[in-house]
Amino acid sequence: MENKKLLYIALFIFVSIVGFQIYVTSKQPQVCNNNGGGTGAIDQQQFIIETLQQTIRDQERALNDISKKTNLIYDTVQEATGAKNGIRGPTQTDAPYFTNPTDRHIQKLQIEARINKTKTTLPNTCFPLDQKTVCLPNFIVIGAMKAGTTFLDFYLQRHPMVAKHTKKELWFFNSYYNKGIEWYVQYFEPVVSLENPKLIGEATPFYINNPFTAARMFSTLRNAKFIMMMRDPVDRALSQYYFSLKWIDNNKGLAPHISYPESFDTMIREEIDVINTCVRGNQEYIKKQDEKKRRELAGEPIDEAAEEEFKNPFFTLHTNKNWTFYKECARCDKCFQHGNILHTSGHPSFGMIAKSLYYEQIDYWLDFFPLEQFLFVRYEDLNDRPEHVLRQVEEFLGLPAFDYGQFKAKNAVPHEPMDPELRQLLVDYFKPHNEKLYRLLNRDFGWSK
Ligand SMILES: Nc1ncnc2c1ncn2[C@@H]1O[C@H](COP(=O)(O)OS(=O)(=O)O)[C@@H](OP(=O)(O)O)[C@H]1O
């Protein structure tokens with residue numbers, strides 16, 4: 001009963017704050033001054049909606065926390081008011097405005113519908129910069145490498161309601177984050193207008209497997225939509241190998257320090273070994289850390305030499321390898337900096353297996369964004385029915401259907417077929433990972449079994 005009362009108090013506070021925010025934001029001066037003129041009201045509306053959206057999210061989170069911690073808060077209030085000692089009870093307040101949970105639910109749905117409508121017609125976040133209004137992307141193709149991302153980007157760039165960018169891959173959230181948002185936005189056509197609404201997007205396939213990207217996007221592009229293209233992991237790995245040979249040929253001048261990889265067979269077997277070592281090393285590391293904590297708490301001495309040894313479990317085994325993938329792991333105290341993502345960027349041929357471990361990557365991203373913010377595209381459909389894929393994407397982004405004309409594969413690299421024995425080894429390797437992915441997304445991608 002007391003808990004219920006406290007929840008009502010929290011609800012009342014929530015409604016008052018939201019009401020106050022609506023009042024305040026409706027009084028806000030115009031924030032974005034667009035070049036084209038005549039869109040000030042739209043900018044203001046966008047600003048109000050975004051502020052509202054943020055406020056509602058914050059309040060809901062707070063409310064959620066409160067309802068979860070009601071008992072704890074109740075105890076604290078009792079303590080603070082002295083009620084526990086029989087001095088006086090908790091403070092009384094007015095009844096909440098929404099007494100019926102259904103009313104609140106309907107109100108929430110209405111606000112959500114308004115916000116969603118705006119999200120499909122206006123860019124995600126806009127802000128004034130050098131007398132212009134610049135906007136951040138509404139959608140990002142986050143991966144996977146060699147899964148048809150160039151194809152998708154190429155055709156989306158033809159859609160009249162998609163803003164032009166000067167480059168497909170901007171690498172902002174993985175490699176150039178410290179260059180700042182002003183650097184990033186300069187690559188997109190400046191657009192913010194209800195009369196001429198365009199969506200902004202880019203495609204950097206390395207975003208999905210970089211352990212920092214999801215968190216960075218969470219703080220910068222919280223409402224963006226993410227497109228993840230996925231290809232049978234076995235074929236994806238082989239495609240990456242041949243791509244890397246071509247990449248090294250084309251970039252001899254730019255990257256003379258990067259050498260040709262060994263055979264696909266050797267690279268794959270070594271990577272399996274590396275990952276196993278990584279996993280084992282990581283488990284060992286965690287075990288030893290626990291032991292260290294235990295010793296510290298018990299006031300027992302800590303063996304510094306043993307400490308050094310387990311700090312880099314990977315290092316001892318792979319110092320002779322000249323691969324960024326190895327080196328990065330060697331520099332880490334543990335192989336998995338965040339989630340289960342193996343960070344393998346830095347060389348076109350590294351992480352041929354790691355980049356195909358879709359479940360582990362998506363699982364980590366879902367700590368930041370809900371499933372509804374993602375569209376998962378099956379690469380194999382590109383070949384069989386490209387129109388269908390583009391329709392799926394348009395629908396997801398809220399774009400009208402567009403006639404793209406004839407479709408042609410993009411970024412193809414000729415390659416030899418895979419040795420059947422090696423293929424089987426890879427099929428077996430990926431099987432449990434694929435199964436986890438199918439369960440997570442409730443969809444069978446039908447890849448080699
Ligand atoms: N329409 C269509 N149908 C079938 N396959 C297609 C299509 N478009 C692109 N592709 C194949 O996609 C591979 C390139 O993927 P990406 O563009 O994502 O590569 S990259 O990560 O940007 O380098 C590359 O695969 P491989 O040729 O096996 O390397 C392309 O051939």
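Just so you know, ligand 1 is whichever comes first in the structure, and atom 1 is the first atom listed for that ligand. Only heavy atoms go into these numbers, but all of them, side chains included; no hydrogens, no water, no symmetry mates. Index from 1, following the sequence. No experiment lies behind these values; they were computed from the predicted model shown.
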Quiz item: Is the shortest side-chain N to carboxylate O distance from Glu296 to Lys293 below 4.0 Å?
Solution: no
Quiz prompt | Where ligand 1 meets Thr149 - atom numbers and elements under 4.0 angstrom, heavy-atom basis | solution = 16 (P), 17 (O), 18 (O), 22 (O)
Quiz item: Does a salt bridge link Lys449 with Asp444, judged by any charged N lying under 4.0 Å from a carboxylate O?
Solution: yes
Practice problem: Please check if the distance between the ring centroids of Phe139 and Phe226 is under 6.0 Å. | Solution: no
Quiz item: Considering only heavy atoms, which of Val141, Asn411, Asn383 lies nearest to atom 3 (N) of ligand 1?
Solution: Asn383
Quiz item: Honestly, is Lys179 close enough over Phe172, meaning NZ or CZ under 6.0 Å from the six-membered ring centre and within 45° of the axis?
Solution: no
Quiz item: Does any N/O atom on Ala147 come nearer than 3.5 Å to any N/O atom on ligand 1?
Solution: yes
Exercise. Please write down residue, atom name and distance for the protein heavy atom closest to atom 17 (O) of ligand 1.
Key: Thr150 OG1, 2.4 Å
Quiz item: Which of these, Ser244, Ala409, Gly148, Pro386, has its nearest heavy atom closest to atom 15 (O) of ligand 1?
Solution: Gly148
Self-check item: Which of the ligand 1 atoms, numbered from 1, are nearer than 4.0 Å to a heavy atom of Ser239
Solution: 25 (O), 26 (P), 28 (O), 29 (O)
Quiz prompt | Sequence-distant partners of Asp265, side chain to side chain donor-acceptor pair (under 3.5 Å), two or more places apart | solution = Arg269
Quiz item: Considering only heavy atoms, does Tyr242 approach ligand 1 within less than 4.0 Å through its side chain, its backbone, both, or neither?
Solution: neither
Quiz item: Hey, do the aromatic rings of Trp447 and Tyr358 have their centres closer than 6.0 Å?
Solution: yes
Exercise. Assess Arg231 for proximity to ligand 1: is some non-hydrogen atom of it under 4.0 Å away?
Key: yes
Quiz item: Relative to the heavy atoms of Pro205, which atoms of ligand 1 are at a distance of less than 4.0 Å?
Solution: 21 (O)
Quiz prompt | Protein heavy-atom partner closest to atom 27 (O) of ligand 1 - residue, atom, separation in Å | solution = Val413 N, 3.0 Å
Quiz item: Which residue and non-hydrogen atom of the protein lie closest to atom 9 (C) of ligand 1, and at what distance in Å?
Solution: Lys410 O, 3.0 Å
Self-check item: Centroid-centroid distance, Tyr177 to Phe212, less than 6.0 Å
Solution: no
Quiz item: Does even one non-hydrogen atom of Lys168 get within less than 4.0 Å of ligand 1?
Solution: yes
Quiz item: With a distance cut-off below 6.0 Å to the six-membered ring centre and an angular limit of 45° from the axis, does Arg443 pair with Phe445 as a cation-pi contact?
Solution: yes
Quiz item: Is the NZ or CZ atom of Arg222 positioned over Phe218's six-membered ring, under 6.0 angstrom from the centre and within 45° of the axis?
Solution: yes
Exercise. Tell me, please: is His415 in heavy-atom contact with ligand 1, that is, under 4.0 Å?
Key: yes
Exercise. Starting from atom 21 (O) of ligand 1, locate the nearest protein heavy atom and write down its residue, its atom name and how far away it is, to 0.1 Å.
Key: Lys146 N, 2.9 Å
Self-check item: Heavy atom of the protein closest to atom 5 (N) of ligand 1 (residue, atom name, distance)
Solution: Tyr379 OH, 2.7 Å
